[in-house]
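Written below as structure tokens is the structure these notes are about.
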There are 2 protein chains.
Amino acid sequence: MEESQDESESAYLQRYDSRNYPSPLVTVDVVIFAVIDDALNVLLVKRGGHPEKGKWALPGGFVRVEEDRDLEAAALRRLRQETGVETPYLEQVATFGDGQRDARGWSLTVVTMALIDAASANFSSGETVQETRWSAVEHCADLTLAFDHARLLEAAVQRLRAKVEYTALPIHLMPEAFTLSELQRVFEIVLGRRVEKASFRRRIREASILEAIPGEKRRGSNRPAQLYRVVEGEGAHFFPRTLTGRRGAS
Amino acid sequence: MEESQDESESAYLQRYDSRNYPSPLVTVDVVIFAVIDDALNVLLVKRGGHPEKGKWALPGGFVRVEEDRDLEAAALRRLRQETGVETPYLEQVATFGDGQRDARGWSLTVVTMALIDAASANFSSGETVQETRWSAVEHCADLTLAFDHARLLEAAVQRLRAKVEYTALPIHLMPEAFTLSELQRVFEIVLGRRVEKASFRRRIREASILEAIPGEKRRGSNRPAQLYRVVEGEGAHFFPRTLTGRRGAS
DNA sequence: GAAATAGTGTCTGTGAGACACTATTAG
DNA sequence: CTAATAGTGTCTCACAGACACTATTTC
């Protein structure tokens with residue numbers, strides 16, 4: 001850490017070359033969630049190159065210092081590449097780094113989760129000709145994901161489930177317009193348990209994060225349901241209590 | 001991303017040299033919190049070398065791939081160096097990375113916060129002869145910290161304050177033994193507002209995260225107070241409701 | 001009419017907020 | 001006794017859970 005005394009900062013910077021120091025490999029990995037067929041799904045890609053060639057993995061890759069303005073841009077680039085989605089809900093989950101997780105050396109990955117409406121994803125938009133698939137989170141364990149991606153996924157799922165207890169995050173998994181029953185169903189899918197209809201509607205109504213679309217109804221062979229959209233400019237709403245699910249759960 | 005077809009993974013790894021690719025600079029920064037003189041404080045060090053020489057900064061530095069087993073080890077190394085504390089509460093806060101934050105190039109830092117008891121910190125243990133000081137969080141804005149450390153600090157403070165609303169995190173800011181009144185005071189300092197005594201005690205009692213130390217009392221010119229310690233093996237307790245502070249706060 | 005889903009009314013339970021009350025020490 | 005802080009009793013209020021009820025559509 002000690003350099004020659006009294007050198008100016010500009011001289012120091014002139015002389016500085018990061019290639020002289022061993023540095024970790026830096027990647028971003030994106031956990032893209034969507035609800036499909038009544039199940040929480042993640043987008044996976046089959047690795048086309050070494051290492052871990054042929055295994056399923058989270059979309060990700062090296063941060064490109066020439067191209068990516070910041071970490072979020074790197075994650076967005078990868079998301080756009082796989083799904084064409086431009087404005088998802090994005091949240092940084094955690095960063096994992098150690099000497100074991102990648103055979104190429106000490107590596108670090110910034111894990112970001114994205115919530116999208118499955119219908120808005122456009123699969124074939126990628127230039128890279130690699131296999132891409134949705135996988136139900138429940139079944140990802142059977143796939144033996146590449147690297148430590150099982151652990152990264154686990155962290156993202158935990159974060160998502162935890163936040164659904166006290167926020168309205170699942171609104172980002174919905175299409176433009178949706179009914180309260182549909183939203184409730186998505187909450188139930190993410191949480192893996194039933195939610196009380198009356199309490200759920202009360203909670204959502206009082207948060208003022210949705211607005212009814214005047215006159216728009218979802219019709220079926222029953223009473224039509226009011227369609228709602230997310231009120232613009234609504235940052236993540238925090239409820240003062242968690243959903244407890246049956247009495248006194250921790 | 002495309003290499004020659006059908007190369008084996010081991011051949012690929014043989015050939016792979018990370019120095020051929022431009023990589024971000026990777027650092028860890030540690031936000032070390034302690035309560036001193038009725039205020040939330042952070043540990044700062046004066047930068048001894050370029051860049052930003054002479055400015056106050058969060059303790060941190062490059063990840064050393066030969067030395068640091070993982071990111072947490074890198075943060076712990078730095079914490080130990082500055083305070084001698086071996087087993088703090090550590091929590092990863094967020095990772096910031098972009099091309100602007102460090103003049104040496106695209107850089108990324110993993111921000112971790114540590115909660116310690118101020119009395120347990122041993123200042124002079126560092127080998128590096130650099131100035132070190134506690135600074136009240138409230139006054140850090142006056143110091144114009146190095147790099148984007150003001151932003152990193154802000155993120156850690158936000159995380160801490162948010163979690164104090166629904167966890168018992170401040171127990172990690174306490175010494176071995178403490179009274180409930182002392183703990184309540186620390187909650188109030190972190191939150192920046194008063195907390196109701198009766199509700200506070202009820203909440204802590206029912207969480208079963210503390211145990212009374214039999215017979216041990218804090219004596220003063222008043223009724224002696226029971227001393228408590230943290231029950232071992234108590235992971236972070238999550239309360240089902242937040243402290244709201246005056247009626248109906250969001 | 002029946003079937004089906006949308007949507008409401010209202011009671012209970014839990015735990016936070018408020019605040020007055022009692023308890024135990026030193027001096 | 002007073003001063004001071006420790007610790008409790010108990011009422012109110014907000015909001016989740018439970019569950020029965022009404023409403024509106026198609027067939």
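Numbers restart at 1 for each chain; the letters A, B, ... are given by sequence-line order, proteins then strands.
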| Of all residues at least two apart in sequence or in a different chain, which pass the side-chain hydrogen bond (donor to acceptor under 3.5 Å, both in side chains) check with B/E72? |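 Here no residue qualifies.
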| said: Please list, in numerical order, the residues of residues 166-181 of chain B that have a heavy atom closer than 4.0 Å to any atom of DNA chain C. | reply: none
| request: Five pairs at each end of the helix from C/dG1-D/dC27 to C/dG27-D/dC1: take the axis at both ends and give me the angle between them to 10°. | output: 10°
Restricting both atoms to N or O, compile the protein contacts to nucleotides 25-27 of chain C shorter than 3.5 Å, with distance only.
unit_1, atom_1, unit_2, atom_2, d
C/dT25, O2, B/N222, N, 3.4

| task | Could I get the full list of side chain to side chain contact (heavy atoms under 4.5 Å, CB included) partners for B/R223, not counting sequence neighbours? | result | none
Over how many whole Å does the gap from [X] atom [atom1] to [N] atom [atom2] extend?
X: B/R205; N: D/dA6; atom1: CZ; atom2: C1'; answer: 13 Å
X: A/R193; N: D/dA16; atom1: CZ; atom2: P; answer: 13 Å
X: A/Y228; N: C/dA6; atom1: OH; atom2: P; answer: 12 Å
X: A/R194; N: D/dC19; atom1: CZ; atom2: C1'; answer: 14 Å
X: A/L243; N: D/dC15; atom1: CG; atom2: P; answer: 14 Å
X: A/F239; N: D/dA14; atom1: CZ; atom2: P; answer: 17 Å
X: A/E165; N: D/dC15; atom1: CD; atom2: P; answer: 18 Å
X: A/R202; N: D/dC19; atom1: CZ; atom2: P; answer: 14 Å

| request: Please evaluate the base of C/dG17 for a donor-acceptor partner in the side chain of B/R203 within a cut-off of under 3.5 Å? | output: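 No such pair is found, so the answer is no.
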| said: So for A/R201 and C/dG7, does any side-chain atom that can act as donor or acceptor lie under 3.5 Å from a complementary atom in the base? | reply: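 Such a pair does not exist between side chain and base.
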| said: How long is the straight-line distance from CG of A/L243 back to CD of A/E196, given to the nearest 0.5 Å? | reply: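 Those atoms lie 11.0 Å apart.
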| request: Return the 5'-most residue of the pair A/E196, B/S199 with respect to DNA chain D, ranking by each residue's nearest nucleotide. | output: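 Result: B/S199.
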| Which nucleotide sits closest to the side chain of A/A225: C/dA6, C/dG17, D/dG7? | C/dA6
| Nucleotide of C/dG17, D/dG17, D/dT8 approaching B/A198 most closely (side-chain heavy atoms) |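 From the listed options, D/dT8 comes nearest.
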Of the non-hydrogen atoms in [X] and [Y], which two are nearest, and what is the gap between them?
X: A/A121; Y: A/V85; result: CA-CG2, 4.2 Å
X: A/A177; Y: A/L227; result: C-CD2, 4.1 Å
X: A/P88; Y: A/L76; result: CD-CD2, 3.8 Å

| message | Counting neighbours of CZ on B/R133 that are heavy atoms of other residues, nucleotides or ligands and sit closer than 6.0 Å, is the number greater than 12? | response | yes
| Atom CD of B/E211 with >12 non-hydrogen neighbours under 6.0 angstrom |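 Atom CD in B/E211 is packed in, count exceeds 12.
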| message | Counting the atoms with a prime plus P, OP1 and OP2 as sugar-phosphate, which does B/K217 contact under 4.0 Å by heavy atoms, base, sugar-phosphate, or nothing? | response |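 Answer is nothing: B/K217 stays at 4.0 Å or more from every strand.
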| query | Base, sugar-phosphate, or nothing: which does B/E206 touch, judged by heavy atoms less than 4.0 Å apart? | reply |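 No contact.
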Pairs under 3.5 angstrom only: tabulate donor-acceptor contacts from the side chains of residues 28-41 of chain B to other protein residues two or more places apart or in another chain.
unit_1, atom_1, unit_2, atom_2, d
B/D29, OD2, B/T109, OG1, 2.7
B/N41, OD1, B/A136, N, 3.2
B/N41, ND2, B/I36, O, 3.4
B/N41, ND2, B/A39, O, 3.0

| request: Would you check if A/R101 and A/L152 make a side-chain contact, meaning some heavy-atom pair closer than 4.5 Å? | output: yes
| said: With a 4.0 Å limit, can you tell me whether A/T242 has a side-chain N or O closer than that to the phosphate oxygens OP1/OP2 of D/dA16? | reply: no
| Given A/Q81, A/E82, A/K55, the one that forms side chain to side chain contact (heavy atoms under 4.5 Å, CB included) with A/V45 |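 With A/V45 as partner, side chain to side chain contact (heavy atoms under 4.5 Å, CB included) holds for just one option, A/E82.
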| task | Answer yes if the side chains of B/Q226 and B/Y228 hold a donor-acceptor pair under 3.5 Å, and no otherwise. | result | no
| note | Assign each of B/V195 and A/Q226 the nucleotide of DNA chain C bearing its closest heavy atom; nearer the 5' end lies the nucleotide of A/Q226
